[in-house]
Amino acid sequence: MIVSIEIKSVEPLAEGAAFGPVGAYEKVIGVAHGEVDPRAAANKGIALIDKAPVNARGRVEYVTDFYILRPRDPAKGKGRILYEVNNRGRKMLFGNIADGPQGINDPQKVADLGNGFPLRQGFTIVWSGWDPDAPRANLGLGLTAPVATDGGQPIVQTVRDEFVSGTRGGALEAFKLSYEMASADGAKLTVRERQSDAPQDVAFVTVDARTIRLAADGPQGGKPKPGFLYEFTYQGTKPKVQGLGFAATRDFVSFLRHDSRALAATGGPISHALAIGFSQAGRYLRHHLTEGFNRDESGRRVFDGILSHIAGVGRLFFNVPFAQPARTNTQHEDNRAPEAWFPFSTATLEDPFSKRKGSLLRGDDSDPKLIETNTSTEYWQKGASLLTTDPLGTRDVTLPDNSRVYMIAGTQHGGRAGATTDPGPNMNPRNPHNPMPAVRALLVALDDWVTKDIAPPPSRVPTLAAGTLVEPDKTGFPAISGAAVVRVMNKVTAGDNAYRTLVCKVDADGNEVAGIRLPDIAVPLATYTGWNEYRPPYPRGELADRDGSYLVFPADKIASRYKGRGDYLGKVEAVVAQLLKDRLILQEDADRYLEKARGETRVAA
């Protein structure tokens with residue numbers, strides 16, 4: 001429960017700019033102090049909660065940062081929360097769904113808010129901390145959680161960290177450990193090019209209890225090889241009670257909805273709460289559901305609707321002793337990090353290996369209305385086909401009425417407006433296709449579903465029945481001059497057993513034939529994929545993290561495909577009209593697509 005909140009500042013957002021009929025917004029920044037009863041049924045599932053220090057009331061305390069954008073005039077807003085789960089302390093909402101700039105945790109100007117979409121919708125937008133290790137610099141959102149001990153003595157456990165230089169985190173000069181080393185005795189650093197290679201011992205130097213680096217006299221002169229897998233095994237200590245992050249989110253959202261003291265933060269009463277999460281945050285929301293944290297300590301539902309974007313079938317390496325929630329499992333990196341385990345789907349199914357039955361949902365009144373959106377990448381890297389098939393990929397399954405799944409064809413993980421086509425460490429140019437027009441429409445659909453009981457569009461994914469869900473080497477991808485073509489995918493495993501995961505079939509252009517086909521796919525001028533491949537000096541043939549590919553059609557192909565710009569525009573108009581009818585894009589995005597098509601210079605006038 002939330003014991004108290006401390007509001008540190010209230011100020012106009014973007015110098016008092018108006019966002020449509022909702023008008024101006026205010027930002028409210030503060031911290032919330034909470035505590036949980038470790039003996040309560042709602043909290044017993046928190047790992048290490050029995051080893052956390054307690055206060056005089058026998059409760060475990062935490063403090064969470066919060067950041068709220070509220071309509072200055074509550075009467076002009078919806079009175080509904082849109083809660084974005086932060087991603088490693090970062091706010092991702094405006095840089096994604098609002099087509100805004102990346103990396104802004106404290107928006108100051110109108111330009112920082114992109115097109116202002118969620119503000120124009122009238123939501124009260126809320127963020128709070130859940131990850132005790134999230135960076136708090138530049139208003140990053142974190143959680144202050146206690147360190148667990150064993151009767152007051154330090155807990156020590158073997159910890160494995162993986163480091164890869166030059167990919168996700170840029171070039172690494174040193175390796176920052178997830179936990180403090182209890183001792184360097186027995187610690188070991190190895191390196192290999194691929195997961196299938198035998199690890200080789202590497203000399204290292206301890207900088208401090210949380211940092212090591214390669215020995216300067218080693219074969220690389222102290223510099224890690226780009227893309228290679230360095231694994232450090234050591235005795236770690238001082239684990240925090242990380243699972244309190246789930247309780248903190250539950251408690252804070254419930255407080256905002258039901259406690260009269262919350263009016264100081266929200267500015268007005270709250271009728272419903274929606275949640276949205278991108279990538280790690282989407283996986284957090286799936287995990288939040290399965291762990292039972294969508295029911296508060298008084299038995300009330302926390303989130304009425306959830307939109308999880310680009311999570312695949314993942315959850316988090318979280319709510320376990322010595323958790324590492326920042327990790328994300330892909331074919332090359334963090335491949336051994338626990339992320340995906342049964343149950344995967346909202347359909348109730350049987351695990352063929354454990355014979356256990358289960359669903360992502362709990363089957364009671366704590367379940368929200370759930371929309372899951374994924375790009376092509378999540379089918380190649382994150383097992384997304386298991387959302388809508390049985391675990392062995394032999395049949396399509398029927399989802400419950402409160403669940404929808406959509407694949408946005410020809411998009412990559414992290415796709416957004418203004419994404420680069422620079423290949424980076426990859427063989428092919430990266431995919432710039434923006435999936436957010438579909439995500440915006442589906443957020444509106446989720447809001448209508450929750451508040452008006454208007455069902456969203458039917459799920460739209462590749463299926464076995466239609467022959468559009470296939471093995472990765474049977475997509476029908478065409479030969480394209482100069483392009484690297486991927487025919488392997490990341491596996492979802494349970495020990496030595498592997499679940500059968502599949503990907504979408506493609507057409508003669510190499511574009512996916514199923515899912516939500518936005519105009520760039522339905523009326524193409526290029527091939528867009530959800531996969532790419534590393535190039536030397538990175539390990540050749542490995543799937544390139546979560547990047548897609550962009551392969552532009554040659555001019556003669558475009559000239560033979562379209563009779564002229566009028567022909568091209570007519571085809572785009574037809575696709576846009578159908579997407580509008582199907583409620584898969586909004587009118588404002590329809591207008592943008594048509595404006596873009598009218599000025600498309602790659603098609604002759």
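We're numbering straight along the sequence, starting at 1.
Contact detail for Leu48 and Ile155: the closest heavy-atom pair is CD2-CD1, 4.4 Å. Taking every heavy atom of both residues into account, Met407 and Tyr379 meet most closely at CG-CE1, 3.5 Å. Between Cys504 and Thr475, the shortest heavy-atom contact is O-CG2, 3.8 Å.
Contact check on Lys176 versus Asp133 returns no salt bridge, with no Lys/Arg side-chain nitrogen under 4.0 Å from an Asp/Glu carboxylate oxygen. Salt bridge present: Arg327 and Asp334 bring a charged side-chain N and a carboxylate O closer than 4.0 Å. Ion pair Arg213/Glu173 not flagged as a salt bridge, since none of the NZ, NE, NH1 or NH2 atoms sits closer than 4.0 Å to an Asp/Glu carboxylate oxygen. Glu162 and Arg160 are joined by a salt bridge, as a carboxylate oxygen and a charged side-chain nitrogen come within less than 4.0 angstrom of each other. Ion pair Arg546/Glu378 not flagged as a salt bridge, since none of the NZ, NE, NH1 or NH2 atoms sits closer than 4.0 Å to an Asp/Glu carboxylate oxygen.
Between the side chain of Arg416 and the backbone N or O of Gly95, no donor-acceptor pair lies under 3.5 Å. For Asn490 (side chain) and Gln381 (main-chain N/O), a donor-acceptor pair under 3.5 Å exists by modelled atom type. Between the Asn428 side chain and the Pro423 main chain, no donor and acceptor come within less than 3.5 Å of each other. Listed for the Ser359 side chain is no donor-acceptor partner under 3.5 Å among the backbone atoms of Thr348. No donor-acceptor pair closer than 3.5 Å links the side chain of Asp509 to the backbone N or O of Thr527.
The closest side-chain donor-acceptor pair between Asp131 and Tyr284, if any, does not fall under 3.5 angstrom. The closest side-chain donor-acceptor pair between Gln280 and Thr328, if any, does not fall under 3.5 angstrom. Looking at Thr375 and His413, their side chains never bring a donor and an acceptor atom within 3.5 Å of each other. With no hydrogens or angles considered, a side-chain donor-acceptor pair links Thr144 and Arg136 at under 3.5 Å. Looking only at atom types and distance, the side chain of Asn294 has a donor-acceptor partner in the side chain of His288 under 3.5 Å away. In this structure, a donor-acceptor pair under 3.5 Å is present between the side chains of Thr167 and Glu333.
Ring orientation note: the planes of Tyr528 and Tyr550 are tilted relative to one another, at an angle of 30° to 60°. Between Tyr534 and His332, the angle of the ring planes goes over 60°, which puts this pair in the perpendicular group of the 30/60° scheme. Ring geometry for Phe344 against Phe342 counts as perpendicular: the plane angle is over 60°, on a 0 to 90° scale with 30° as the lower cut. Using bins of under 30°, 30° to 60° and over 60° for the plane-to-plane angle, the ring pair His287/Trp341 lands in the perpendicular bin.
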Tyr230 vs Phe163, ring pair (Phe, Tyr, Trp, His ring centres under 6.0 Å): CA-CA, chis, key distance, verdict: CA-CA 5 Å; Tyr230 291 84; Phe163 307 97; 8.4 Å; no
Derivation of the salt bridge (Lys or Arg N to Asp or Glu O under 4.0 Å) call for Glu231 and Arg336: CA-CA 11 Å; Glu231 298 176 18; Arg336 294 169 59 192; 3.2 Å; yes
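The distance between the ring centers of Trp531 and Phe477 falls below 6.0 angstrom.
Inter-residue side-chain proximity for Glu471 and Met489 is flagged as unmet; no heavy-atom pair is nearer than 4.5 Å.
Atom CG of Asn138 is surrounded by 12 or fewer heavy atoms from other residues, nucleotides or ligands within 6.0 Å.
Applying the salt bridge (Lys or Arg N to Asp or Glu O under 4.0 Å) test between Glu372 and each of Arg286, Arg404, Arg283 identifies Arg286 as the sole match.
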